[in-house]
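Per chain, numbering begins at 1; letters A, B, ... match sequence-line order.
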Amino acid sequence: QQQVKQSPQSLIVQKGGISIINCAYENTAFDYFPWYQQFPGKGPALLIAIRPDVSEKKEGRFTISFNKSAKQFSLHIMDSQPGDSATYFCASSNSGYSTLTFGKGTMLLVSP
Amino acid sequence: DTGVSQDPRHKITKRGQNVTFRCDPISEHNRLYWYRQTLGQGPEFLTYFQNEAQLEKSRLLSDRFSAERPKGSFSTLEIQRTEQGDSAMYLCASSLNGDRGLYGYTFGSGTRLTVV
């Protein structure tokens with residue numbers, strides 16, 4: 001039972017382009033939506049997170065867009081750089097419980 | 001190093017053997033989590049502790065798995081009678097309570113287990 005569906009599985013973007021990764025969740029009790037970045041051989045690192053009381057959050061080149069009615073949220077990486085090449089995971093949580101449910105991940109490759 | 005520390009980084013074991021992993025959380029974090037990540041998948045929750053109390057266990061945590069956090073500091077995850085399906089990356093994370101915890105959820109680099 002997959003509660004968080006992530007797409008695409010992989011993505012190739014040219015340097016300077018916009019990378020877009022999408023997630024959909026099922027559990028309406030979820031109220032915290034983070035994105036994690038993972039490099040090979042490392043654990044996931046929190047990139048940016050959003051609560052459902054706002055529709056967008058921006059931190060530097062990273063933006064989360066959130067659509068509560070559609071139960072969807074997305075990560076936009078502006079001006080993508082080769083150093084952004086990594087696997088990105090969306091996740092969701094009912095903050096009352098604090099455990100995270102992750103999507104399957106998107107492998108992003110930014111070509112020079 | 002003030003991050004979450006996991007030991008060993010890699011473990012190769014024969015099927016049927018027992019293995020134990022250790023996690024040292026960020027010192028001021030009172031919550032500690034174990035996740036499992038298989039190739040091409042996102043991390044899956046196994047169990048978590050608040051201080052020394054184990055508060056939740058996933059259905060993924062069969063009776064061959066046991067986790068402890070004596071004195072609310074480091075934690076160990078033991079797998080008995082390992083099976084090839086146990087091959088995965090075992091990730092530990094720590095956080096504070098409540099909302100502060102969600103935004104300070106820090107993962108270690110994991111222990112990669114290979115069962116041959």
Side-chain angles (χ1 to χ4, degrees), chain A residues 1-11 21-25 27 29-54 57 59 64 75 86-108, chain B residues 1 3-10 21 23-26 29-50 53-61 88-112:
Chain A
Q1 179 184 352
Q2 186 185 358
Q3 296 192 53
V4 179
K5 294 184 180 179
Q6 183 173 346
S7 63
Q9 277 189 306
S10 62
L11 183 60
I21 306 170
N22 301 298
C23 273
Y25 64 97
N27 188 342
F30 287 153
D31 62 358
Y32 170 70
F33 304 93
W35 285 91
Y36 280 80
Q37 179 189 56
Q38 186 175 30
F39 293 104
K42 299 290 186 183
L46 179 64
L47 196 59
I48 186 172
I50 197 168
R51 293 273 195 193
D53 52 345
V54 296
K57 182 174 181 179
E59 290 183 0
I64 299 180
L75 175 69
T87 301
Y88 292 81
F89 294 95
C90 62
S92 301
S93 174
N94 176 337
S95 60
Y97 295 95
S98 79
T99 60
L100 293 169
T101 300
F102 284 85
K104 291 191 174 184
T106 296
M107 192 176 300
L108 171 66
Chain B
D1 186 6
V4 176
S5 177
Q6 292 190 245
D7 183 69
R9 292 296 310 277
H10 304 274
F21 311 139
C23 172
D24 287 271
I26 293 173
H29 285 182
N30 55 357
R31 285 196 169 184
L32 185 149
Y33 312 81
W34 286 99
Y35 283 77
R36 182 178 71 184
Q37 185 177 22
T38 53
L39 203 61
Q41 301 293 317
E44 296 172 295
F45 169 74
L46 293 178
T47 187
Y48 92 89
F49 294 83
Q50 181 161 310
Q54 189 172 17
L55 296 187
E56 188 176 346
K57 291 194 284 188
S58 161
R59 284 171 292 180
L60 292 175
L61 211 68
M89 175 80 84
Y90 289 84
L91 293 163
C92 176
S94 69
S95 77
L96 294 166
N97 270 354
D99 280 1
R100 296 175 304 157
L102 288 173
Y103 286 90
Y105 211 106
T106 303
F107 281 89
S109 292
T111 294
R112 179 162 297 283

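- Side chains of Leu91(B) and Tyr33(B) form no contact here, defined as non-hydrogen atoms less than 4.5 Å apart.
- Of the listed residues (Gly110(B), Gly108(B), Pro43(B)), the greatest number of heavy-atom pairs within a distance under 4.5 Å of chain A belongs to Pro43(B).
- Only the side chain of Arg9(B) comes within less than 4.5 Å of a heavy atom in chain A; its backbone stays farther off.
- No part of Gln9(A) comes within reach of chain B, as not one of its non-hydrogen atoms sits under 4.5 angstrom from that chain.
- The shortest side-chain heavy-atom distance between Leu75(A) and Gln37(A) does not fall under the 4.5 Å cut-off.
- For the pair Ile21(A) and Cys90(A), the minimum side-chain heavy-atom distance is 4.5 Å or more.
- For chain A, the nearby part of Gln37(B) is the side chain; its heavy atoms alone come within less than 4.5 Å.
- Other residues, nucleotides and ligands contribute only 12 or fewer heavy atoms inside 6.0 Å of the NZ atom of Lys57(B).
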